[in-house]
Every structure is written in structure tokens, then in C-alpha cells.
Enquirer: 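Just dropping this structure here.
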There are 4 protein chains.
Amino acid sequence: MKTGKFHTGIFERLSAKKQERILNIAVKEFADKGFLNSRIKEIAQKAGISYGSMYSYFPTKDDLLKTIITRNIDFQKTVFKETINRDDDIFENIKNFFTVTLKIAEENPELIAIWRDIAQSYHTKFLPEIIQLEQEGLITIRDLIQTGIARGTLSPDIMINSSAYAIDSISSELLASSVSDQNKKKKKMFFGEKTNPEIVDEIMIIVRKILPLKQSTSSFTAS
Amino acid sequence: MKTGKFHTGIFERLSAKKQERILNIAVKEFADKGFLNSRIKEIAQKAGISYGSMYSYFPTKDDLLKTIITRNIDFQKTVFKETINRDDDIFENIKNFFTVTLKIAEENPELIAIWRDIAQSYHTKFLPEIIQLEQEGLITIRDLIQTGIARGTLSPDIMINSSAYAIDSISSELLASSVSDQNKKKKKMFFGEKTNPEIVDEIMIIVRKILPLKQSTSSFTAS
Amino acid sequence: MKTGKFHTGIFERLSAKKQERILNIAVKEFADKGFLNSRIKEIAQKAGISYGSMYSYFPTKDDLLKTIITRNIDFQKTVFKETINRDDDIFENIKNFFTVTLKIAEENPELIAIWRDIAQSYHTKFLPEIIQLEQEGLITIRDLIQTGIARGTLSPDIMINSSAYAIDSISSELLASSVSDQNKKKKKMFFGEKTNPEIVDEIMIIVRKILPLKQSTSSFTAS
Amino acid sequence: MKTGKFHTGIFERLSAKKQERILNIAVKEFADKGFLNSRIKEIAQKAGISYGSMYSYFPTKDDLLKTIITRNIDFQKTVFKETINRDDDIFENIKNFFTVTLKIAEENPELIAIWRDIAQSYHTKFLPEIIQLEQEGLITIRDLIQTGIARGTLSPDIMINSSAYAIDSISSELLASSVSDQNKKKKKMFFGEKTNPEIVDEIMIIVRKILPLKQSTSSFTAS
DNA sequence: GATGAATGAGCGTTCATTCAT
DNA sequence: TATGAATGAACGCTCATTCAT
């Protein structure tokens, strides 16, 4: 997927450090207040640069947002690719999937917030290509289940789609916990002060229920 | 929980019908365009009342939104209360829960949209008290599981919290399907053109896996 | 020619006096500084109304200009129609034409200025229909000459087009005198402090040279 | 008349070629888009020099315009001086005057456009000294007529001023044809597809009517 | 109480001008 | 001297809110 480029050459020529600073501040603003409620002027001030400079870096406010998003698509993709390894045990993979999901959510809550803001309110405005990433991530869960069944690890009776949907929903909810106060409260209400690894472990118990192992046929020979 | 009152006495004295019409139109606008992109003027026009009157009903635009939200807290509460009957079979109740969830989502997608819009972008702006409703709804699932275990229907080994979290996540995801294109796509990707009752049936299979029945002790007597 | 309507109903409902005041001030600003150099804010201030009101009267700055122009099309048309009477002596008509031209120029120099500003710099931007008036005026001169020849008053040897162009050019130049300092100086340089009627008289002498009378054929019968 | 100097020494020290290129491009921009709509940045880019350099050549945008104008005063003066030769036949001179006028208009429509733009919209802004050129050119026509009468070629009855004004007006109108769509249309309406020399010929017929020859008294003796 | 015109702060964006390198 | 990034005042326009009738 080509994601284009929404910033100017001037921005590109800035030191990586300065680029980061500007983008991070913008991310924080957008995440905190939503895109529409954020002001370029305020972002500029907080970043310690002039208002005009913002426009020499990003032709429009939309472009600033798009820059933020595209910058993170590759990052997330990379993280997932590095973590999920089809050759591994399926539950290991799913566990990794949840672990990574929670890690991303914890480290980049603002990005998740922005992502949801867009999915929610600006779907018609922003390039559909940009809104694809999440789905690319999702497919993985279903794939993993399919692989597990194909390999004979998982019961062939498993309803792949609804099971994948269920598991995916849990991950979405966890993702949201990093963002909205509501979801955060929900998480706390159910998991208290548990650490993320502990939460993942609990969830994996549920996952194993949803995805039962293939009944070992050795029971027959045992009798 | 005090949810306060955000409209004026003048609005209260309007006929119920007129109140409804105004609120419904506002709901539709907010849901379609987002809160910030909606115009009081346009809402007034579509409701067939004067611009000025809007301000005699709701002191500010925020108050209009708050009125909408608080008005619906009671409605949703009522619906759930009517549907969930603790005396019924637990799975019957959970099934009803999903059915009602999907029904509300289908009939009032605008409200869900507004809800998420606020949770997402206006959390700093709107009173936290207002953001409580969803949680009140949620508690039900956990309650049901607890009841099920207490009655001896469900296995006492069930991890109540994580199970409730999982089931609740599925319902959240379904709710979101009525609103965001992304979630809508996800639903279609996993369930195709299945009807809501069919989807609920599939999900109930998952739910039953998550919530296993108590092992019948009759096995003991059998020996 | 339908010229549409570029102001809002709100403006229409204003007292004629207030409408006049606003328009006159805008005319003055546009004439003095040119359209692009004029500021809505300043016009509002000078008219003693709020900035926002300007936009409730005229949706855009362009619309304000268009309103000014269309408002005056009818006026000028009327004036010309009332003055030129094809049945009159041709030179009487041409004289009236110049008299009216000078009168309009003197009473509405700003309008002429705006007109030229547009013709000069905004020809691509403003509706071509709007830029027609001047030409409608022009045709008259050629018509008058044609009528004069047809009636046997003017010499049939007259080159209608170039003669009309010449006479029209003089009138354009006089019109411009009301506007640009340059043209004003030119006029003064050639006519000194002469009054407009005196100037018209002088010009009519030139016109009569350009449009010689038909040679009376009675000379033939006389021999 | 002191026309001052509006560019810097740095600009002066540039090669004549480079100076020309910069100025020509600026002229084109100003003429095409109007002064206010032209961008220093774009001119710099098109001229292949840096943005900053423009400001080392011309302290302000206004100064660039002023430089353009003063530069062309001398040029036009020269052209007219070379073409008009008082010793020639008066009609030959006037014909040359029109020919040169049309040639300049055709070759440098941009300059005419700028000239009119200023005369129209920036008269208050730009130094009056700069707005003098045209008049210097104009004087010529009156001079020629005066010379013609003095030499006994033209009828002494000719009203010098109004005749000069009339002829000059025609030339102004032709000049404008190179610039404004309206004037262009007017020209086409009256002269169709005639070439410039043909148009000049037609106009000279009018000119000869305006400026009758002195009645030769020798005709009497001739009989 | 209803109406809708009046108000003006605020926004995204532009671009002449300045300035650091 | 050349370069091009940095700056911020200014503009057209919007719209929540106020206010006169």
C-alpha cells in the first residue's frame, strides 16, 4: 500500500529530533481534544515554532493529521510482523498478539485515540487507504485460527469466523482502554490493578475455551 | 447518580411531541456530522422552530447535547431492565442482552455515534457524570454470570471478570458496527450477510464455550 | 438580461436608507482602493454595522461587488433610454448621449471606477453577463449613425464602424476622466476649466466633422 | 522629472541579461494576475533565482513594480521619438503614431495592463511622479497638430484641443484593446478581423476629417 | 415566549518581509 | 551576496451567543 506523503520537503529537512517533537505534540493535541477541536496555533506554540512554520511543513491541517497516520502505519506493521510467527504454536502467537496490542496501546495511546477519532468522525474525509491498516492487522487472528485447524492443533469444529470475531473484539476493547476514559474504567473494573501480562494470561484462558484443541484420538487406543 | 438538567423550563413546558421532534433532529445532526460540525441554526430549521427558540430551550449548544444524552440514559436502562429477567435461564438472558444490544444499535445508531463521538473527542469537555451510563449497562453481564454461578447453573471455575469482559467486548464491537464504517466492514467480513438473530446464535455458541455449565454431579450417583 | 440577486433576504429587509448607506460606502471603498485592496471589515466599520452583519447581507465579498454592479445596471439603462430618442435629430441624440455620459461619470465616478477595475482585473472571475452593460450602451452610437444614414440625414459615404468607434472612444475617455487621476489630468490639459456643456459643444463640432451631412441634391436641380 | 530609483545596487550590478529576465517575468506576472495576486516567490522561481535574492534586489514588492514602470518610461519615450519626425508630413506622423501605439500594445500588452492596473487601483499608493509618462506621450498629438497648422498644412480653424483629445481618445481605446477583454471585444465588434494596418488606415480617414487641410487658395488661380 | 438579526471572537490559511547560515 | 526557512499580521469567512422587537 502506497501511503503518499503529506508533508513538505522543508519538514523533511528538519532534524529528526525536531520532526519528532512537532509530531508528538500534534499527536497529543489531536488525541486529547480530537482533530476538530485542536488548533494549529496551539500546536505551534507548544512545539516552540511559529505559526507560519507549521504551514511550511504541512500544507493544511489535514496534511498534518495524514502525516501522523502514515508515519505510524509502517511502525505498527513492523511490530506485528516481528511478533507473529506462523510457525510458532498458535496460542503462543495469539498471546503475542495480545501482548503487542497492549504494548502499542500503552506506548502510543494517543495514536489509537486519533485512529478512532478518524474512524469515527472523518471516515468520509480521509483517504480510505489510510483506514486500511487496522483491518490488515485483524485478518491475522482469523489466519492464525485457520492455520491452527489446518495443522490439526485446533478442533475442526471451531466456527472460525465468530471465534475470530470474539477474540478480535477483546483486543479492540483492550486497545480502546488506552484511549477513552470509559474503556479505561471498564478495564479497571474487570481487571483491577492487574498487570498487562496477567491480563493477557487471563484472557488466554478464555481464548483457549473459545478455541478448543482437537480431541486427541489416542483416547481410543487407550481403552 | 445525579444527571442534572440541562434544558430550560421553557423546553419542559413544550408538548412531549415537540420536545421529541427537536431532540430527534438534533440527534440525527450530531450523529451524521459530529457535534462540532452540526449547526444549531440548521437543527432549528429542520425542527421548524426559530433559531432564537433553541436558545430559550437550551442555554448552550453543549446543553443540547447533554440533554440528549441524559434523556437516553433512562431509555436504555428501561429497555435493558425490561428484557433481562434474572429469573430466566442465564443463556436466555445473555441472548436477550445481545438481541437488545443489536436492536438498539440498529434503531438508534445515531445515539451510539454521538456517544462514541463524546467518549472520543469531548471527554475533557463533558461532565464525567454523563459518561457513566454505559458502565451501568455493563454490570449486568457480570451480574448474570454471578447469578448463574450462584444458582449452580454455571461452573464455579469460571473466571467471572475476564469472562464478562470478553462477552462485553463482543457486545461493544457489535454496537460499534452500527456506527463506524470500519466496524461495519469488520462485522461483514466475519458474518457476511447473516441476519442479526443468526449472528446472535453464533455468538451464543461462543458464549457457551466461555461459560461452561456446572458438571452435573449425577455422574457420581451413576457409579 | 437576468442579473440574478447576490444579496440575502436580510439585506433586502433593511430600510432603503440603510441599504444605500452600506452600498455607498462599499462603492467608495472599492472605487478608491480597488476591489482586492478593500476590506469588508473597514466597510462594516465605516457603515457603522458589525462585521458579521456584512456577511449576513452578502454571503461573500464577491457578492457585495456583484450587488453593487447589478444595482446600477438598471439605473444606467434607464437613464440612457430616457435620453436617447431615435425620432429626434441624430446630432441631438449624440449630444444627449455625451451629456448623459458626462453626467453619470460626474455623479457616480466610483461606479465607473469599479466598473473599470473589474473589466481590468477580474474579467475571468465575474459573470460575463454582468460585463455586458457597457456594450449595450455602445451599440447605440452605431445605431444612431445607421439611423441617420437610413433617414438620409447623414452622408451614405460615412464609414459606420470606424466612425462609431471614434466617437465611442471619446465617450470612454470622458467616462474615465471621472475616475483615474491620469484621465482627469488629460481632460484638464485639453479642456482646461471648461464646463461639461461647453466640452460637449466642442466635441459635437468634432462629431459633425466625423459624420458629415448628406450633400443636398438640390444643387443639381438648381443648375 | 525625477523618477528615482527603486532597486538596490546589487540589482544594478547584475548582468543586463539577468536584470531583463527578472523584470520581464515580473511584468508578465503582474499583467496576468494583477499586482496583488502576484507572488514574489513565484516570480523568483520562474526567474530561476532565490526568493531571498528578490529582496536583495528590490526592498519591497512595491519597489519591484516601480522599477518596472520607470524602466519602461524611457523605452516608450525612445520609441516615440524615433518614430515621430516633425519634419515629415503631419498625417504621416499621426499614422506612425497609431502604428507605433498598436505595435507597443501588441508587443507589450503586459505593460499596458500593469499601467492600467495602477492607474485604476493603486493611484493612492504609488507615487504620482510615476504616473506621468502617458501624458508626456500624449502631448505629441497636440504638438503635431500645432505644427501642422503652423506650417500651413492644416486649416487654422481646427480646434486644436478638442481635436487632439478626440484623436488621443481613439489611441487610448486601441491601447486598451490589448489588455481588457471588454475593449478587445469592442475592437472586434467594430473592426472585425481587420489587421492593424487596415485599422490604422480606416482611422486615418476619420483623422483627416477631424483635421481638414487648409483650403488651398491656389485653386482659385488654377482655374 | 418567539423571532431572527446583530455581534465579534476565532479559525484556517496566505505571503511580504526578516534573518540565520 | 545568495539562500530559503521563519515569522506573524492580516484576510475572508463561520457560527455560538446575545439582544431588540
Side-chain angles (χ1 to χ4, degrees), chain A residues 8-14 18 36-45 47-64, chain B residues 8-11 13-14 35-45 48-64, chain C residues 8-14 18 36-45 47-64, chain D residues 8-11 13-14 35-45 48-64:
Chain A
T8 64
I10 301 177
F11 181 70
E12 250 163 34
R13 266 166 255 132
L14 253 37
K18 194 167 182 184
L36 261 190
N37 294 307
S38 299
R39 308 291 152 227
I40 291 280
K41 192 171 207 168
E42 200 166 346
I43 293 170
Q45 276 165 353
I49 61 178
S50 79
Y51 189 39
S53 287
M54 285 301 288
Y55 279 87
S56 79
Y57 301 152
F58 313 100
T60 69
K61 195 184 173 192
D62 283 11
D63 286 319
L64 171 56
Chain B
T8 64
I10 301 177
F11 180 70
R13 267 163 256 134
L14 253 36
F35 179 67
L36 253 194
N37 285 316
S38 298
R39 310 288 155 230
I40 292 280
K41 190 169 210 170
E42 201 168 345
I43 293 170
Q45 276 166 353
I49 63 177
S50 82
Y51 191 27
S53 288
M54 286 299 288
Y55 279 85
S56 78
Y57 301 153
F58 313 99
T60 70
K61 195 184 173 190
D62 284 10
D63 287 319
L64 170 56
Chain C
T8 64
I10 301 178
F11 180 70
E12 250 162 34
R13 266 165 256 134
L14 253 37
K18 194 167 182 184
L36 262 189
N37 296 305
S38 299
R39 308 289 153 229
I40 292 280
K41 192 171 206 168
E42 201 167 345
I43 293 170
Q45 276 166 354
I49 61 178
S50 78
Y51 187 44
S53 287
M54 285 301 289
Y55 280 88
S56 79
Y57 301 152
F58 313 99
T60 68
K61 195 183 173 194
D62 282 11
D63 286 318
L64 170 56
Chain D
T8 64
I10 302 176
F11 181 69
R13 266 164 254 135
L14 253 36
F35 179 67
L36 252 194
N37 285 317
S38 299
R39 310 288 155 228
I40 293 279
K41 191 170 209 169
E42 200 167 346
I43 292 170
Q45 275 166 354
I49 63 177
S50 81
Y51 190 27
S53 288
M54 286 300 287
Y55 279 85
S56 77
Y57 301 153
F58 313 99
T60 70
K61 195 183 173 191
D62 284 9
D63 287 319
L64 170 56

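Each chain gets a letter, A, B and so on, in the order the sequences are listed, and its residues count up from 1.
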Enquirer: Look at the side chain of R39(D) and decide which nucleotide, out of dA2(E), dC15(E), dC13(F), has an atom nearest to it.
Expert: dC15(E)
Enquirer: Please confirm whether any donor atom in the side chain of Y51(D) sits under 3.5 Å from an acceptor in the base of dA2(F), or the reverse.
Expert: no
Enquirer: In the strands shown, is dG12(F) matched to any nucleotide by a Watson-Crick or G-U wobble pair with both distances under 3.5 Å, and which?
Expert: dC11(E)
Enquirer: Rounded to the nearest 0.5 Å, what separates atom CD1 in I10(D) from atom CZ in F58(D)?
Expert: 11.0 Å
Enquirer: Is S50(A) near enough to dA6(F) that one of its side-chain N or O atoms lies under 4.0 angstrom from OP1 or OP2?
Expert: no
Enquirer: Where each residue is assigned the nucleotide of DNA chain E containing its nearest heavy atom, which of G48(B) and P59(D) is assigned the position nearer the 5′ end?
Expert: G48(B)
Enquirer: Starting from P on dA10(F), measure out to CG on N37(C) and report it in whole angstrom.
Expert: 15 Å
Enquirer: When you match D62(B) and G52(A) each to their closest nucleotide on DNA chain F, which lands nearer the 5' end?
Expert: G52(A)
Enquirer: Let me spell it out: for each of M54(A) and L36(B), pick the nucleotide of DNA chain F with the closest heavy atom. Which residue's pick is nearer the 5' end?
Expert: M54(A)
Enquirer: What heavy-atom pair brings T8(A) and S56(A) nearest, and what distance separates the two atoms?
Expert: OG1-O, 2.5 Å
Enquirer: Answer with base, sugar-phosphate or nothing: what part of the nucleic acid does Y57(A) contact at a heavy-atom distance below 4.0 Å?
Expert: sugar-phosphate
Enquirer: Think S56(A) has a side-chain N or O under 4.0 angstrom from the OP1 or OP2 of dA5(F)?
Expert: no
Enquirer: Would you mind reading off the distance between E12(C) atom CD and dA5(E) atom P, rounded to a whole angstrom?
Expert: 12 Å
Enquirer: What is the distance, to the nearest angstrom, from the CZ atom on F11(D) to the P atom on dA2(F)?
Expert: 12 Å
Enquirer: Could you tell me the separation between the CG atom of L14(C) and the C1' atom of dT21(F), rounded to a whole number of Å?
Expert: 15 Å
Enquirer: From the set dA6(F), dT7(E), dT17(F), return the single nucleotide nearest to any side-chain atom of Y55(B).
Expert: dT17(F)
Enquirer: To the nearest 0.5 Å, tell me how far K41(B) NZ sits from S50(B) OG.
Expert: 11.0 Å
Enquirer: State the pairing partner of dT21(F); accept Watson-Crick or G-U wobble contacts with both distances under 3.5 Å, and report none otherwise.
Expert: dA2(E)
Enquirer: Which atom pair, heavy atoms only, marks the closest approach of F35(D) to K61(D)?
Expert: O-NZ, 2.9 Å
Enquirer: Looking at the side chain of I10(B), which of dT7(E), dT7(F), dA2(E) is the nearest nucleotide?
Expert: dA2(E)
Enquirer: What is the separation between atom CD on E42(D) and atom C1' on dG4(F), rounded to the nearest whole Å?
Expert: 17 Å
Enquirer: Touch check for S38(B), heavy atoms < 4.0 angstrom, all strands: base, sugar-phosphate only, or nothing?
Expert: sugar-phosphate
Enquirer: Please report the shortest heavy-atom distance between L14(A) and K18(A), naming the atom on each side.
Expert: CG-CD, 3.9 Å
Enquirer: Rounded to the nearest Å, what distance is computed from the CD1 atom of residue I40(A) to the P atom of nucleotide dG8(F)?
Expert: 16 Å
Enquirer: List the steps, then state whether side-chain contact (heavy atoms from CB on, under 4.5 Å) holds for Y57(C) with I49(C).
Expert: CA-CA 11 Å; Y57(C) 301 152; I49(C) 61 178; 3.7 Å; yes
Enquirer: Just N and O in the side chain of K61(B): are any of them under 4.0 Å from OP1 or OP2 of dA16(F)?
Expert: yes
Enquirer: Whether R13(D) contacts dT1(F) is assessed here as follows: a side-chain N or O lying under 4.0 Å from the phosphate OP1 or OP2. Is that the case?
Expert: yes
Enquirer: Give a yes/no answer on whether the side chain of K41(C) brings an N or O atom under 4.0 Å of OP1 or OP2 in dA9(F).
Expert: no
Enquirer: Output the rounded distance in Å from CG (D63(A)) to P (dT14(E)).
Expert: 11 Å
Enquirer: Just the rounded figure in Å: distance from C1' of dC15(F) to CD1 of I43(B).
Expert: 13 Å
